[in-house]
Asker: 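One structure follows; several queries about it will come next.
We count residues from 1, following the sequence as given. Numbering of ligands and ligand atoms starts at 1, following listing order.
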Amino acid sequence: MPRLFGTFGIRRVANEVLTPEMAVRLALSFATFINGEDVVVGRDARKHSRMLYDAVVAGLLSAGCRVIELEVTATPALQWACRQWNMWGAMVTASHNPPEWNGIKFMEKSGKGLDREKEVEVERIFFTETFRRVSWPDIPQETTKRNINFDYISAIISRVDAEAIRAKSFRVVIDCANGAPSLITPYLLSSLGCHVVSLNAHPDGNFPGRNPEPTPENLKDIVILIRYGDFDLGFAQDGDGDRLIVITEKGEFVPGDLSVSLVAKELAQRPEEGPIVTTVATTHILQEIARSTNREVVTTAVGDLVVAKVLQERGGIFGCEENGGMIFPDFVWGRDGAMAAAFILHILATQKKSLVELLGELPPYYQVKRKTTIDPEKRERILAAVEEKTASFKNRITIDGYKVLFEDGSWVLIRPSGTEPLIRVLAEAKEKEKAEALAAEYLKLIEEAQR
Ligand code: MG
């Protein structure tokens, strides 16, 4: 049976593959799987999200589900609502993808993304068209409409030292990617007493300001604004508000590895027990933080859904990814950009230090990220060579690619892409030269194995 779902939900080009008809069938498949139980539905601010959202609602109603409509909201806000109300969820969003894309993410009652085993069942129902359709008296006549954006903001505020943050009157720029965060994060920051300058903060599915993925190339405007203005820091989100990128008071892009380390360091010092959960691609700084607080780092494959799942299973204190994704397990079982922003302000306010100062206190690591295209026919041969070279290392992790950790904290990860003919090589070490050398060594091995 063909696979519908990617790493988190379904993503396709709107009206080419992801048509309203397909959205109805997907919603019907999900509704059949959950036996017509209640569902919370939301959407991001894309041009075609309204169209697909209405189709999703129609499919759910056709299966007899009662529906709570959140309209435009951030993915973590919907996940928060699922958890509050113990209800399944469906979010129409393509996250950070280009404007023509859209997608649907289904959520468990805990608010975590749907487990892979359950997705397989939804796929089976989709392809066999064994839909649950109720007879007309059982079709709910109406949906319930709720705007939870300000409840979600209040819930975030209750989890940080709001008084300490307000006392600092931070000057903050927030870049909302013309997406769903426009309706949430600027108001959150205002409520925390910040002087807020918002950028790309009108919901617009044409994405006139920038591409919705918060990469350094896409964040030039906020960097310039902060560099030439007088600000304490900046935040940038993606289209559905689960990701957060931080910009320093000097206008420097903070790599995700460092922003998550800052938060992990703060949380690890609290009395709650439990590991830090992160992917194989994330910095060794987390290992140092864990060691100094008598904790473990549990390593997962790459993907926020798997981090959330392991975090839940292992009772972790914090889940994170190298791209800046942060999961606060006592709040939302998924990445949460607005919560992350509030928490970073909390750290700044309670430690009474600037972002640059706080980043300077993290253990210094240098990271190299490379990728190389390969001949798909030689993929197995290349991976066999990597397998052979890394087999004898005492500390090797093979849950997602090949990762070798060395005694001094340096590591290298060789990870083939699941979708493209390329292999990524990541290396990290305390010295730049060592990280460069590690990456070069494995890039050379890949090149030689291809000959
Ligand atoms: Mg996203």
Asker: Is there a donor-acceptor contact under 3.5 Å linking the side chains of T283 and E428?
Answerer: yes
Asker: Any luck finding a side-chain donor-acceptor pair between T73 and N149 under 3.5 Å?
Answerer: yes
Asker: Report yes or no: does S95 have an N/O/S atom closer than 2.8 Å to the Mg ion (ligand 1)?
Answerer: yes
Asker: Whether the side chain of T32 engages the backbone of R132 through a donor-acceptor N/O pair (distance < 3.5 Å, no angle test) should be reported.
Answerer: yes
Asker: Check whether more than 12 heavy atoms from other residues, nucleotides or ligands sit under 6.0 Å from atom CD of E313, and answer yes or no.
Answerer: yes
Asker: To make sure I understand the geometry: which N, O or S atom in D238 is closest to the Mg ion (ligand 1)?
Answerer: OD2
Asker: Name of the D242 N, O or S atom nearest the Mg ion (ligand 1)?
Answerer: OD1
Asker: For D240, what is the atom name of its N, O or S atom nearest to the Mg ion (ligand 1)?
Answerer: OD1
